[in-house]
Amino acid sequence: MPKNAEEESVTVNHRWGMVADLDRCTGCEACVVACRAENNIPTVGEAEAARGRAMHWIRIERYWEGEFPNARLRYLPVLCQQCDAAPCEPVCPTYASHHTADGLNAQVYNRCIGTRYCANACPYTVRFFNFFHPVWEKPLHLQLNPDVSVREVGVMEKCTFCVQRIKAASLQARAEGRELRDGEVKPACVQACPSEALVFGDLNDPDSRVARLARSPRGSKLLEEVGTQPKITYLARLSWSDDEENR
Amino acid sequence: MERRDFIKLSALTAGAAGLAGCGNPDHQLIRFLPEENLIPGVASWRPSLCPLCAAGCGVLARVMEGDAEVVRDGRTGLLKMGLVKKLEGNPAHPVSRGKLCARGQAAVQLAYHPDRIQQPLKRRGERGAGEFEPVDWDEALGTLAAWLKEVLAGDPSGLAWLSRPLRGGRRALVERFLAAAGASPPVYFELLDESVLRRANRLGFGREQLPTYVLGAANYLLSLNADFLGTWNSPVAQAIGFGEFRQGQPGRRGKFVQVETRVSQTGANADEWIPIRPGTEGALALALAHVLLNEKLRPAAAAGSAGAHIEGWSQGLPEWTPEKAETLTGIAADRIRRLARELVAHGPAVVIAGGAALAQTNGLATALAVNALNALLGSVGASGPVRFTPQWESTVPALPHRTLRALVQKILSQPDSPVKLLLLYEANPVFATPPAWQVAAALDRVPFLVSFGSFLDETNSRADLVLPDHTFLESWVDDVPESGTEQAVVSLAAPAMRPLHNTRALPDVLLELGRMLGGRVSEALPWGSYEEFLRVRFDALARQVGADPEEFWKRALEQGGWWSENGLVHTAAPQPARATSRLVRYQVAETDGAVEEFPFHFLPYASQAFYDGSTAHLPWLQELPDVLTTVMWGSWVELNPQTAERLGIRQGDMVEVASQHGTLQAPAVLSPGIAPDAVAMPIGQGHRTFTRYASGRGANPIAVLAPLEEPETGALAWAATRVRVRRVGAGRLVLFSGGLSRFPHAEER
Amino acid sequence: MKKTASRINGDLLRPVLETSPRFYRAVALVGAVAALGFVAWGYQVWNGIGVAGIRRPVFWGFYITNFVFWIGISHAGTLISAILRLANAGWRRPVTRCAEAITVFALMIGAMFPLIHLGRPWLAFWLFPIPNERGLWPNFRSPLLWDFFAINTYLLGSLLFLLLPMLPDFALVRDRARGWRRRIYGWLALGWEGTPRQWHRLETAMHIMAILIIPVAVSVHSIVSFDFAMAPVPMWHSTIFAPYFVVGAIFSGIAALILAMALLRKLLHLEEYLQPKHFDNLGKLLLVMSLLWFYFVFAERLTVWYGNDPAEMAVFRATQSGAYAPLFWAMVFCNFLLPMPLLAIQRLRTITGTVIASLAVVVGMWLERFLIIVPSLAHKYLPYSWGTYAPTWVEITITVATFAGMVLLYMLFAKLVPVISVWEFKVGSHRHAMAADARLQTETEPEPAVGEVSA
Ligand SMILES: Nc1nc2c(c(=O)[nH]1)N[C@H]1C(S)=C(S)[C@@H](COP(=O)(O)OP(=O)(O)OC[C@H]3O[C@@H](n4cnc5c(=O)[nH]c(N)nc54)[C@H](O)[C@@H]3O)O[C@H]1N2
Ligand SMILES: Nc1nc2c(c(=O)[nH]1)N[C@H]1C(S)=C(S)[C@@H](COP(=O)(O)OP(=O)(O)OC[C@H]3O[C@@H](n4cnc5c(=O)[nH]c(N)nc54)[C@H](O)[C@@H]3O)O[C@H]1N2
Ligand code: SF4
Ligand code: SF4
Ligand code: SF4
Ligand code: SF4
Ligand code: SF4
């Protein structure tokens, strides 16, 4: 397919990945709102939210440990892990959920017919479904990002690693006849994250910040045991006592 | 001003026919002349300023071409204009450094809110009934001008101003206007006011200003109840610093100790979390100082003027033994000793006190003790993490809570209010003050209320006349941040997009009024537009900096303001430390309500999404799951599980919280992170009227607060009320996490 | 008592040739309920799939439960009759046709659910491998595609299997009917004359079909199980699923068959043809399947419990002792505890006994499908995103309607064709046939069955 080849020539040599440093994440949720704003994620309202239909492509999971006065709380930013072996892909009957040349798990809204099979197969429960036709009460629709298509009823959606930003930056770089610089592509959540807990970049470039961080001894993958080969590395939150050995 | 770009399509009938085909009734026949130099599909980035809290983060607005339905000269039509699509932090801005908080990310919804006031309104129904009818600007301005003339002709002090604390050009303009008119001085109100800390800093460090914490430069962080990563002081700047504090310095990872009564979003990040009895934070600070002094870890003199105000400091605080502190705070004496030693051993250390710690009757003493402790640790000033943003001009509001209460008393002092005309702007005291303050009653006594607000909240909906302001994205904005950076900053931004509705920028309205009033007022306000006024201010600044005004102005508009390159230059002269070396004695904090009858300490807290309630109308924030409880679209009461069990309360049950001053109902959330003898509740919900998204949703904790205050500043002691709690029936929580708040087998993690 | 060929014809063809007003009333009633289902579906298509109770994380609920359930039911007929044919079990003769009919109708109903549950049903055709100008094909790696092929193959096979042996009976009706009936049945009979050559070919065709249809049937429910087993969802991702599902399918299928036969026996007064021994034999089969089913459930649960994988244990607890426990134990009661005595004890294995047991099994197997799907989805790996599920009136209406739909189709079927294969029955009761079939002893007179038909 010449068309695809042409498309992929832009980014084919990249392998996009992310690092989430749990020692930095403050649970501020700037990323959560930033993602909504960037990706035209509909607000479903109280009634639907109460029915488990609220959509947040990235969420901050929180887990308590212990009881007062020793109760501790841990934050865990969870978004699509862009799995290399993505269970959501083979099950999709229409290729709406499929793998791109640069390792993204792409979601082709136009192709999705709403079987919701992918959402069941995703171990991370990061896929969100449009149970009804989304509404933006006028003039809220004027805020919609023209670079991101608006989904319709019956369509699955999820974090895309802000593919529109990747494409834009890649095309820009190509127009200027140069390679993408490390840190040039910033997904909305990464750009917003004040404590820089989220870092994005090209895992194929061993010197990129994300690649270096991903090699950290603090690194691990979420639900690695399921065999999804996620492309997000979580850097463990340290406790002060044992920080010596973790330097 | 948009007159020139108004045209009309010739082929009306043809158009009508064609558009009728689309079956889109509100499709317009008029198409205004498109905005120039917009490339479809290509984004331009325009600087602006986040208006949602006092931090004053600089933002970059992503602007792209689009078709907006607008009103121009009374005609509705389609205008192809630049529309703001997304807000990002302005990387060049010293406060936000390219980042924003969750609220800042949602600020764009202010401009596109479906319930924005779109044109001037005149009250129709009863006061506060919220029934208005549209009027045009000429009539609206005429009415207001007439009232002004009448009031100023009589006793000018009958004119009063009530708004959120203003800074920069808007403040200068408003105060010029009021001064020229001879009106009473402006009242600047916000619930989460920091007068106590400012006053303590003035006494301790000679700076009546909020501190800037350079966390990246610290290695040990002791926070007393300060939600510095969420809502307090300059959260974005502090979160950036926290990232550096934790993982930014190679080979170093700072220790963060949080001392509070309920695990907050910030506290959850602590390496050591220590529960404390509310209002006793000062005792802890004094005991820590006691240890440092008595173990000769630091000389008393090191605290300088900050220590001078604390009784017994020079003697080494003999009475403040850790044992005594233990009886007050509930923190073991040994632990206090250990903390004190760690502060020295693992410095540079910084101690932060904020939020509920200072919202007490003894807040000032607490803040002074913490200041002295910081000074003792050598953490203050260029060397340490505690610094002060050099300011081009002082931005301190005159004791907001005290001045508001004075205004209320003045209004209620006589049968017919001496305040005849009250101008309201971006403050909602009816929602954000305890009932005992009687703000609503006072407003209803004022003969004529004029609001410049953009939304009909509890305060604006009482107005007789509404002259809606532009949103920040549609106006010239400027600011002088009080904290969050070591550089002197004067932010500035031109409108990021054209107005969507038939609104007008407040400063331009004031200038217009000045012209209409003539005389003193118009002489005091000779500028044609706010832009002109700002230009004059920046020319003055340019001269001070020694830059070419033209270049200076252009540069400021490009980068979003002016900031000094190398730290501490061009600053306003610091106010000298108060002459009185009066000693402040630490008092045990007063609380309202007897322990027997009201067994729980009530802790309202600024919510991540709604801050003080002023952002509850933004749907993105309503649907943002609270990070601790995952609640959306509502409010809740946090209870310790053991307490709940004792009271027969289950998660989600509707509970009644009753103080001596009011009761409220909200569903219960059981949280292992709150002390058994305290209940906490987020501020923000419970609006009677505040657009379709916030009206009649949840409950307002402020409505049960006692009117206790910190004596020196008159600041509301909003964390000093005691309550009782009981189950009243089944309730409903809208949770994002339908699952567990723990892993079934924690060891798996 | 004697059954002459003419009496057989009379008894078995009566329902086809004459209709009572009671029948019309019944059809109207059942039809109305079935129609409600379409109303509910229309409502769902118009307003969005959100009117159903599915939600995050339980994205599949009643619809997929019904899908698996009905495909399971379909395993009664064709599979059983094929096995019995090959085993040459004579007692099968009056049973096979009602059985095969169940298969066809259950498949038709079951196959509707993948479409009903789509978010954008108007684009359902993208599921099908239709050549298109964009050169876009569906994803053959997706078990949903395997479903498509498996179900269609099984449906076609079963239709053939059902229709082939009908030819002689259509001819029979043709010869007795007149007017438009005669023309229609004449056309359906495809010119059957009953010549020895035709008889020979029919027998051969039936034999080949019988052999072919068995692996297809087994594959169908194996593939349905793959819809779950292929996804890394706790307690779905299991090697046991394929045989487990096939056994469950045959189990529920036999139960459905027993119920259908009991109904026909009453309504069409076929007491003499569908005799206690038929129920007794099917009862024994049901007993075997019940034991097998329990064995699989036990094996599945034991390995999960012993393996003690945290993710799977969450589901295990939820079903064994948690929110879904009542449903789980109800299922065990319906599928095992209740049927056991009724089917194991000779004295209780009466028509009533087997019918009660079958009713329980049908309910129990529906619960089983639900319990396989929902608790697992509700308890995936990250506890933060656990959830619950409750159906709405839309899902309930559509579910009830499909049962009504099954009854309706069956009534119409029994009205339009003899539900008992007349000629096979006669062959069975013929002495020569008797020799060929020692298992069945009838006290009927020998009669030239074939001649009778072609007369
Ligand atoms: N109202 C209105 N009408 C317009 C326009 C407009 O802006 N507004 N724009 C005009 C222009 S510029 C254009 S190009 C045309 C475009 O008109 P169309 O070519 O109709 O474009 P779409 O409606 O986007 O796509 C057509 C259908 O293809 C389906 N589809 C998507 N993916 C696939 C696939 O993989 N296979 C198959 N078979 N179908 C698929 C979509 O669901 C949709 O139903 O519309 C023209 N008409
Ligand atoms: N998400 C999404 N993106 C798409 C598509 C999609 O289906 N979905 N479709 C793609 C396709 S096929 C196409 S062709 C492009 C179309 O992309 P565009 O060319 O942007 O098409 P429109 O936005 O319909 O029209 C452009 C602008 O022209 C204005 N306009 C209308 N009449 C006139 C006029 O007489 N004079 C002037 N000056 N302006 C006028 C309209 O108000 C509109 O703002 O979009 C592409 N992008
Ligand atoms: S995280 Fe879920 S959605 Fe994302 S690629 Fe993996 S399986 Fe697919
Ligand atoms: S819901 Fe859409 S994306 Fe997911 S499997 Fe079905 S068709 Fe594919
Ligand atoms: S990468 Fe983009 S799409 Fe994914 S969570 Fe972050 S902002 Fe949302
Ligand atoms: S923005 Fe960054 S720090 Fe804040 S919650 Fe998201 S990941 Fe955590
Ligand atoms: S801290 Fe948040 S709300 Fe306050 S100014 Fe900065 S971005 Fe806006």
Side-chain angles (χ1 to χ4, degrees), chain A residues 1 44 47-48 50-56 59-63 76 78 83 85 87-98 109-134 151-156 222-223 225-228, chain C residues 45 47-60 64 114-115 117-128 135-148 227-228 230-234 236-237 309 311 373 376-377 380-390 392:
Chain A
M1 301 172 203
V44 299
E48 279 299 288
R51 299 178 66 195
R53 277 109 182 249
M55 301 197 207
H56 297 286
R59 62 176 179 260
I60 308 305
E61 298 196 351
R62 56 88 185 85
Y63 293 105
L76 183 72
V78 179
C83 312
C88 62
E89 287 166 4
V91 300
C92 175
T94 60
Y95 288 113
S97 170
H98 78 92
Y109 309 119
N110 226 13
R111 288 290 294 155
C112 174
I113 62 176
T115 66
R116 306 179 300 284
Y117 197 171
C118 53
N120 292 342
C122 169
Y124 305 88
T125 326
V126 293
R127 302 180 69 91
F128 296 85
F129 188 66
N130 289 274
F131 286 91
F132 289 106
H133 207 80
R151 286 73 66 183
E152 75 166 23
V153 61
V155 172
M156 191 63 66
L222 188 58
L223 301 181
E225 66 276 15
V226 183
T228 52
Chain C
V45 172
N47 294 289
I49 184 76
V51 300
I54 41 165
R55 51 173 289 173
R56 182 174 162 278
V58 185
F59 288 100
W60 286 354
I64 299 302
L115 307 185
H117 100 298
L118 284 185
R120 299 202 294 174
W122 48 90
L123 299 178
F125 63 94
W126 293 354
L127 273 169
F128 311 148
L136 282 161
W137 293 96
N139 176 4
F140 293 99
R141 293 180 307 164
S142 170
L144 292 185
L145 259 284
W146 311 345
D147 281 338
F148 173 78
D227 289 346
F228 307 96
M230 295 303 161
V233 175
W236 278 14
H237 198 43
D309 170 69
I373 295 166
S376 285
L377 293 179
K380 276 156 71 173
Y381 300 87
L382 297 170
Y384 182 95
S385 292
W386 287 359
T388 54
Y389 163 79
T392 63

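Chain letters run A, B, ... following the sequence lines, proteins first and then strands; every chain starts at 1.
Heavy atoms only, all atoms of each residue included: A:Arg116 and C:Leu118 are closest at NH1-C, 4.3 Å. Considering every non-hydrogen atom in both A:Phe132 and C:Gly50, the closest pair reads CZ-C, 3.2 Å. Smallest separation of non-hydrogen atoms from A:Glu61 and C:Ser385: OE2-OG, 3.8 Å. The shortest heavy-atom contact between C:Ile54 and A:Arg53 is O-NH2, 2.6 Å. Annotation for C:Pro57 and A:Thr125: closest pair CB-CG2, 3.7 Å, computed over non-hydrogen atoms. Closest approach of C:Gly119 to A:Phe129, counting heavy atoms only: CA-CZ, 3.8 Å.
Taking the centre of each ring, A:Tyr95 and C:Trp137 stay at or above the 6.0 Å mark.
Only the side chain of A:Arg59 comes within less than 4.5 Å of a heavy atom of chain C; its backbone N, CA, C and O stay farther away. Only the side chain of A:Val226 comes within less than 4.5 Å of a heavy atom of chain C; its backbone N, CA, C and O stay farther away. Only the backbone of C:Phe228 has a heavy atom closer than 4.5 Å to any heavy atom of chain A.
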* Verdict with reasoning, C:Asp227 to A:Val91, per side chain to side chain contact (heavy atoms under 4.5 Å, CB included) -> CA-CA 8 Å; C:Asp227 289 346; A:Val91 300; over 6 Å; no

* Going through the distances and angles, do C:Asn139 and A:His98 end up as a side chain to side chain contact (heavy atoms under 4.5 Å, CB included)? -> CA-CA 10 Å; C:Asn139 176 4; A:His98 78 92; over 6 Å; no

* To do: Might you work through the side chain to side chain contact (heavy atoms under 4.5 Å, CB included) test for A:Ile113 and C:Leu127, ending with a clear yes or no?
  => CA-CA 8 Å; A:Ile113 62 176; C:Leu127 273 169; 3.4 Å; yes

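Taking OH of A:Tyr117 as the reference point, atom CG of C:Leu144 lies at 6.0 Å (rounded to 0.5 Å).
Ion pairing of A:Glu152 with C:Arg120 is present here, as a side-chain N (NZ or NE/NH1/NH2) and a carboxylate O approach within less than 4.0 Å.
Among A:Cys92, A:Gly227, A:Pro87, A:Cys88, the residue making the largest number of heavy-atom pairs under 4.5 Å with chain C is A:Cys92. Interface remark: of the candidates A:Asn120, A:Thr228, A:Thr115, A:Val78, A:Asn120 forms the most heavy-atom pairs closer than 4.5 Å to chain C. The candidate with the highest count of non-hydrogen atom pairs below 4.5 Å against chain A, out of C:Pro121, C:Gly387, C:Pro383, is C:Pro383. Comparing C:Pro138, C:Ala231, C:Ser376 by heavy-atom pairs within less than 4.5 Å of chain A, the highest count is held by C:Pro138. Most heavy-atom pairs under 4.5 Å with chain C, from the set A:Leu223, A:Val126, A:Thr94, A:Asn130: that is A:Leu223. Note on C:Gly48, C:Ala390, C:Pro234, C:Ala124: by heavy-atom pairs under 4.5 Å with chain A, the leading option is C:Gly48.
Within the 4.5 Å cutoff, the side chain of C:Arg56 has no heavy atoms near those of the A:Met55 side chain. Inter-residue side-chain proximity for A:Phe131 and C:Val51 is flagged as unmet; no heavy-atom pair is nearer than 4.5 Å. Looking at heavy atoms from C-beta onward, C:Trp126 lies out of side-chain contact with A:Pro93 at the 4.5 angstrom threshold. C:Thr392 places a side-chain heavy atom less than 4.5 Å from the side chain of A:Arg51.
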